[in-house]
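Encoded as structure tokens, the structure appears first; notes follow it.
Every chain is numbered from 1 and lettered A, B, ... according to where its sequence line falls, protein lines coming before strand lines. Treat the numbers as computed from the prediction; the structure is a model and nothing was measured.
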There are 2 protein chains.
Amino acid sequence: MPPRSYVSPARSAAAAETRERVIEAASRTLREGESIARFSLDTVAKAAGVTRLTVYNQFGSRRGLLEAVFDEIARHGGLHQLADAMTMDDPRAALDRMVEIFCAFWSRDSAVGRLHDAMATDPEFAEAVRERNERRRRGVTALIDRIAARQASPQARKDAVDLIFALTSYPTFASLSAAGRSRDEVCRVVQAACRAALQPLTLSNPSS
Amino acid sequence: MPPRSYVSPARSAAAAETRERVIEAASRTLREGESIARFSLDTVAKAAGVTRLTVYNQFGSRRGLLEAVFDEIARHGGLHQLADAMTMDDPRAALDRMVEIFCAFWSRDSAVGRLHDAMATDPEFAEAVRERNERRRRGVTALIDRIAARQASPQARKDAVDLIFALTSYPTFASLSAAGRSRDEVCRVVQAACRAALQPLTLSNPSS
DNA sequence: AATTAGATATACATAATGTATATTCAATCT
DNA sequence: AGATTGAATATACATTATGTATATCTAATT
């Protein structure tokens with residue numbers, strides 16, 4: 001008696017739809033709520049018009065839901081434009097563009113701020129977000145390798161990568177935003193700082 | 001029948017001692033615990049050898065305890081050296097020193113990282129920490145005012161202040177540390193970035 | 001000896017995550 | 001058409017936290 005199983009177009013379509021609805025409700029709740037502390041699966045479920053148990057069915061846990069929201073935001077956040085940026089002829093222009101893309105990403109949906117808050121209370125979720133950020137680090141590394149003069153030391157390259165990685169992170173964006181800057185103003189400041197971080201890579205006199 | 005009240009040296013001394021013991025236990029718990037999520041007043045109370053209710057008596061709430069821990073760490077974190085730094089003749093050297101002092105502060109006690117995590121879940125605690133950070137911003141502002149050339153625009157000054165404020169923040173320190181750097185290596189990178197942030201203030205040609 | 005401050009004991013209210021079990025209902029297969 | 005299956009629901013329960021309330025205990029002061 002092997003249980004006969006089947007795939008149901010209508011069923012899985014409906015399931016995908018509720019899934020979308022829950023993700024939408026979750027990101028809205030994150031956006032409108034004043035703190036991640038108030039973000040409960042109860043709230044989300046009610047906002048989506050489903051039961052809390054349905055959320056567990058779809059995402060397994062609070063963490064699963066948060067990851068799904070993060071991925072959804074990333075999908076619609078314009079990060080796909082990075083591919084084009086990376087192929088630009090001038091790697092410095094590419095870096096400028098990269099900063100622009102990430103500033104747009106961090107500012108597009110305020111839910112990303114709340115998701116970064118969630119990293120504080122859930123180490124595994126934090127790890128998942130960090131892994132997703134590693135793509136940014138790899139992008140920066142690739143650009144630095146193109147920008148750096150041949151005689152630039154590995155240490156100087158790593159310094160530049162780590163610094164630019166920090167400068168393009170969400171916390172830096174949030175700090176500059178909190179100082180009362182528009183997205184474009186933040187972008188301008190970060191771009192300038194990143195350009196400055198390149199200086200040690202091009203000067204033929206590496207301090208010694 | 002006004003209740004006669006009195007101050008009791010032995011009483012308040014004993015109270016102060018338990019208070020210290022609880023703060024010590026709390027910071028130890030923060031230091032050793034792997035996440036702020038696991039930080040409960042139950043744990044702290046047991047570690048301090050008191051009841052959870054005693055913690056409420058002394059600090060009023062979880063937030064009150066966290067603030068007390070933060071202030072205790074700040075008291076022994078070497079921030080008093082900032083006064084000397086600010087009076088240095090060379091404001092650039094003072095800035096270097098300031099970075100040094102804050103790198104030492106952020107790295108001295110790993111509990112500060114957990115306290116920053118706590119900001120994510122408690123908006124009022126976050127506000128309290130932000131207020132304490134404003135002293136750093138004022139220090140940076142004072143130095144920038146001394147460093148900036150007379151013709152430097154207010155905008156350029158604000159850019160430098162906000163950027164250096166972000167560069168000397170805990171999140172930046174944590175990001176650079178996570179990249180596998182020692183405290184001194186982080187300090188060196190941040191100092192270089194801060195010096196670079198001063199460039200636009202001294203060049204007599206402000207881009208136009 | 002009465003009183004008082006600080007700590008304790010016990011109990012309770014509330015909210016959140018997560019698990020377990022049985023059930024409803026519409027879509028799919030034979 | 002009737003049996004079966006997947007998704008969602010209903011209900012219940014265990015666990016862990018914060019925070020409040022009330023009464024009691026004990027040692028320091030008056």
Quiz item: Among all residues two or more places apart in sequence or in another chain, which pass the side-chain hydrogen bond (donor to acceptor under 3.5 Å, both in side chains) test with R92(B)?
Solution: none
Exercise. List in chain and number order the residues that pass ring pair (Phe, Tyr, Trp, His ring centres under 6.0 Å) with Y170(A), two or more places apart in sequence or in another chain; answer none if no residue qualifies.
Key: W106(A), H116(A)
Return a table of donor-acceptor pairs under 3.5 angstrom between the side chains of residues 77-88 of chain A and protein atoms on other chains or two or more places apart.
from	atom 1	to	atom 2	distance (Å)
Q81(A)	OE1	R97(A)	NH2	2.9
Q81(A)	NE2	G78(A)	O	3.0
T87(A)	OG1	D84(A)	O	2.8

Self-check item: side-chain hydrogen bond (donor to acceptor under 3.5 Å, both in side chains) against R108(B), all qualifying residues, sequence neighbours excluded
Solution: none
Practice problem: Could you tell me the separation between the CZ atom of R11(A) and the C1' atom of dA26(C), rounded to a whole number of Å? | Solution: 5 Å
Quiz item: Which of residues 12-30 of chain B sit near DNA chain C, with a heavy atom under 4.0 Å from it?
Solution: A15(B), T18(B)
Practice problem: Give the B/S/- string for nucleotides 9-22 of chain C, one per nucleotide from 5' to 3', where a protein heavy atom under 4.0 Å of the base yields B, of only the sugar-phosphate yields S, and otherwise -. | Solution: BB-----SBBBB--
Quiz item: Is a side-chain N or O of R38(A) found less than 3.5 angstrom from the main chain of E34(A), in a donor-acceptor match?
Solution: no
Quiz item: Choosing from dT29(D), dT28(C), dA8(D), which nucleotide comes nearest the side chain of Q58(A)?
Solution: dA8(D)
Quiz item: Can you name the side-chain hydrogen bond (donor to acceptor under 3.5 Å, both in side chains) partners of E32(B), sequence neighbours left out?
Solution: none
Self-check item: Integer-rounded Å distance: dC25(D) P and N57(B) CG
Solution: 18 Å
Quiz item: Between atom CD1 in I36(B) and atom P in dT18(D), what is the gap in whole Å?
Solution: 10 Å
Report, one line per pair, each donor and acceptor closer than 3.5 Å where one atom sits in a side chain of residues 135-144 of chain B; sequence neighbours left out.
from	atom 1	to	atom 2	distance (Å)
R136(B)	NE	T168(B)	OG1	2.9
R136(B)	NH1	N133(B)	OD1	2.7
R136(B)	NH2	F165(B)	O	2.7
R137(B)	NH1	D162(B)	OD1	2.8
T141(B)	OG1	R137(B)	O	2.8

Exercise. Please identify each residue that fulfils salt bridge (charged side-chain N to carboxylate O under 4.0 Å, His left out) with D90(B), with sequence neighbours left out.
Key: none
